Protein chains: 2
Amino acid sequence: MELTTAEENYLKAIYHLSDGGKKSVATNDIAAEMNTKPASVSDMLRKLGDKEVIEYRKYYGLQITETGKRFALQTIRKHRLWEVFLVEKLNFAWDEVHEVAEQLEHIQSTLLIQRLDSYLNYPKFDPHGDPIPDEFGDVRARPRVQLNEMEIDQTGQIVAVKDSSAAFLRYLDKVGAYIGARIKVLDKVEFDGSLEILVDQKKTLFMSKDVAGNILVLQS
Amino acid sequence: MELTTAEENYLKAIYHLSDGGKKSVATNDIAAEMNTKPASVSDMLRKLGDKEVIEYRKYYGLQITETGKRFALQTIRKHRLWEVFLVEKLNFAWDEVHEVAEQLEHIQSTLLIQRLDSYLNYPKFDPHGDPIPDEFGDVRARPRVQLNEMEIDQTGQIVAVKDSSAAFLRYLDKVGAYIGARIKVLDKVEFDGSLEILVDQKKTLFMSKDVAGNILVLQS
DNA sequence: ATATATATTTAGATACACCTAAATTTAAAA
DNA sequence: TTTTAAATTTAGGTGTATCTAAATATATAT
C-alpha cells in the first residue's frame, strides 16, 4: 500500500501529537500543526481510516494502528537522515535544514535510504539530537533530562532541543550553545529558576528557566 | 513565478523534444514522451502559455520562451547534479539513477543545489556524459561523434549514450563498456556496419551498427 | 437539565492533473 | 478540389487536497 505525500505528512503529525501513539489527538490540534482547517483534517482522517493506518470513529478521536506507526516512523527516519546529510555533508546550519528535509522525506526509493544511511555511517541521532529509527522502525532513545531540572555542579552534554523552531535554534547559536556542547550547571537562582551554565569549560552563560526547559541534556 | 512539478516535467520534455528550443514540437509527441493523452497536453500547453514559458498558438504548435528555457535548464541542472551524487557518493549504478533523480529534481531550494554543486566539485557532466548547465543555464557541450561513424584505428573515450534506457545501460555494463571507457575501433564490417572495438586496451567486443549509434565518443 | 460554547463533521466550491469521447482544424490523398 | 485521415482541441467527468460556511455532536456552565 502506498501513501500520498499529504497522507504521509498527516500521519507524521498524528504520530508526534499522540506521542508515538500513546495519546488521543484532537482534530483541531492536527489542523493547527498542519496549518490547515479542521474541515480538511476531517476529510483526511476518513481517508487514513479507510487505509487502516489509523482507527477512526468520528467525534471520538483516533488511534494510530501498528501499520500507521510503521509508516510514520519510516517518514521520520527519512526526514532525520536527510537532516544529517544536509548538516554533515552540505554544511547546512541546523536552523536551515527543516524545510528542505520536509521535501526530501517524501522521495520514494528504499535503495536510496539504505545507501544514504550507509553513506552517513548509520547515524543514531539527527542534528537536533532526536533519535533516527532504524529500517524496522526501532528507536533507541537516550535518557535525557531538561536542563532546568539539573542541580548545581551536575554536568552533561546537550543532546537535543524540545522547541526546534528556527528562532530558538538561532538563539542558541548566538549564545554559543549547540548540540554536543559539554555543559556544567554553575548556579541556579531559587527565585525564578534561571541558571548559570558553563559551556565547554570556557564560556559561561545565563538563561531563563523557560529556555533551559527547552534544552535536553544527557547527564554524565 | 513558480512552476508545479507537472509543469516542470512538461517544460523539460518540451525542451528536449525541441532540441533546446530550436524545433517546433507536436502535441502527440509530448503526450508520448510524458505517457499521457494528447488532451491532457492541450490543457497543459494552455497553462504553460498563460505563464509565458512557451508561446502557444493552438493548432500551430509552440515555441519555448527565454524564460521557459531558463526554467527547463534549471530542472535539467538539478536532475543531472543529483545523478552525479547518486553515482559518485551513494554508489548507484548508472542504470538505477534516473527514476530517483526524476523525483529529486523537483526539490525546491536554491541553497541546496548550490551546496550540492560545490560538494560534488562543480561537475560539468553527469554519469551518462550529458553536460550539466551552470546556475545561469550555460551549457558547455563537448563535441561528440557516434561510435558507428568512427573509422578503423580511431580512438576516443565513451562520454555519453543517446538511449539511456535501463535496458541499454544494463547491456553496456554486461559487455564491459561504460562511460569513461577508452576505446579504439579495430574493425568495421562494410556489409552491416557492425564494429569490433577494443575497450581499455584489453577487452575486444563486437557490436551492431544500431548499438554503436547509441554510443557517443569524445575522439582523441 | 437546559443553555451555551466548543469541537467536529458535512455540504458545496475551487484548483490541479488527469481521463474519454466528441468536435474541430489542418494535412494528405484521391 | 473534394474527400479522407491525422492531429489537436473542447466538453464533460474523476480523484486529490484544499477552502468557507453551515450543520451537528460533544462538553461545559448556569
Side-chain angles (χ1 to χ4, degrees), chain A residues 1-15 17-18 23-64 68 71-72 75 99 102-103 105-108, chain B residues 1-15 17-18 23-64 68 71-72 75 99 102-103 105-108:
Chain A
M1 200 245 309
E2 298 245 312
L3 298 181
T4 66
T5 294
E7 286 166 347
E8 281 184 356
N9 283 333
Y10 271 97
L11 205 54
K12 192 162 59 101
I14 290 168
Y15 182 85
L17 290 171
S18 70
K23 290 184 267 183
S24 173
V25 191
T27 300
N28 272 349
D29 292 348
I30 299 173
E33 177 78 14
M34 304 282 303
N35 290 306
T36 55
K37 297 294 142 98
S40 309
V41 175
S42 286
D43 265 9
M44 184 54 87
L45 291 182
R46 192 184 37 71
K47 284 185 208 161
L48 293 177
D50 290 349
K51 293 203 171 180
E52 298 185 343
V53 292
I54 63 172
E55 210 184 304
Y56 175 54
R57 286 170 50 215
K58 34 184 210 180
Y59 293 108
Y60 273 84
L62 56 97
Q63 186 88 32
I64 285 204
F71 275 106
T75 306
E99 215 189 323
E102 207 63 23
Q103 298 178 61
E105 74 188 8
H106 301 295
I107 304 289
Q108 312 254 220
Chain B
M1 200 248 308
E2 298 245 310
L3 298 182
T4 66
T5 294
E7 285 166 348
E8 280 184 357
N9 282 333
Y10 271 97
L11 206 53
K12 192 161 61 100
I14 290 168
Y15 182 85
L17 290 170
S18 70
K23 289 185 267 182
S24 174
V25 191
T27 300
N28 272 348
D29 292 347
I30 299 173
E33 177 79 13
M34 304 281 302
N35 289 306
T36 56
K37 296 295 143 90
S40 310
V41 175
S42 286
D43 264 9
M44 184 53 89
L45 292 182
R46 192 184 37 70
K47 284 185 209 160
L48 293 177
D50 290 349
K51 294 204 172 179
E52 299 186 341
V53 291
I54 62 171
E55 210 184 304
Y56 175 53
R57 286 168 52 214
K58 35 184 210 179
Y59 294 108
Y60 273 83
L62 56 96
Q63 186 89 30
I64 287 203
F71 275 105
T75 306
E99 214 189 325
E102 206 63 23
Q103 299 178 62
E105 74 187 8
H106 300 294
I107 305 288
Q108 311 252 221

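In what follows, every heavy atom counts, from backbone to side chain, and hydrogens, waters and symmetry copies are set aside. Throughout, protein chains are lettered first and strands after them, A, B, ... in sequence-line order, and every chain is numbered starting at 1. From a predicted model like this one, the values you see are computed outputs, not experimental measurements.
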I want to check one thing: is the phosphate of [N], taken as OP1 and OP2, less than 4.0 Å away from some side-chain N or O of [X]?
X     : N      : answer
B:T27 : D:dT9  : yes
A:S40 : D:dC19 : yes
B:K47 : C:dA17 : yes
A:Y56 : C:dT9  : yes
B:K37 : C:dT20 : yes
B:N28 : D:dA6  : no
A:Y10 : D:dT18 : yes
B:Y60 : C:dA27 : no

Under 4.0 Å between any heavy atoms, over every strand shown, what does A:A6 touch: base, sugar-phosphate, or nothing? Just pick one. sugar-phosphate
With the side chain of A:S42 defined as its heavy atoms from C-beta on, choose the nearest nucleotide among C:dC18, D:dT26, C:dT10. C:dT10
Closest to the side chain of A:T4, out of D:dT9, D:dT8, D:dT16, is D:dT16
What about B:D43, does its side chain sit under 3.5 Å from the base of C:dC18 through a donor-acceptor pair? yes
5' priority, DNA chain D, between A:T5 and B:A39 [closest heavy atom]: B:A39
Rounded distance in Å - CZ (B:R46) to P (C:dA17): 11 Å
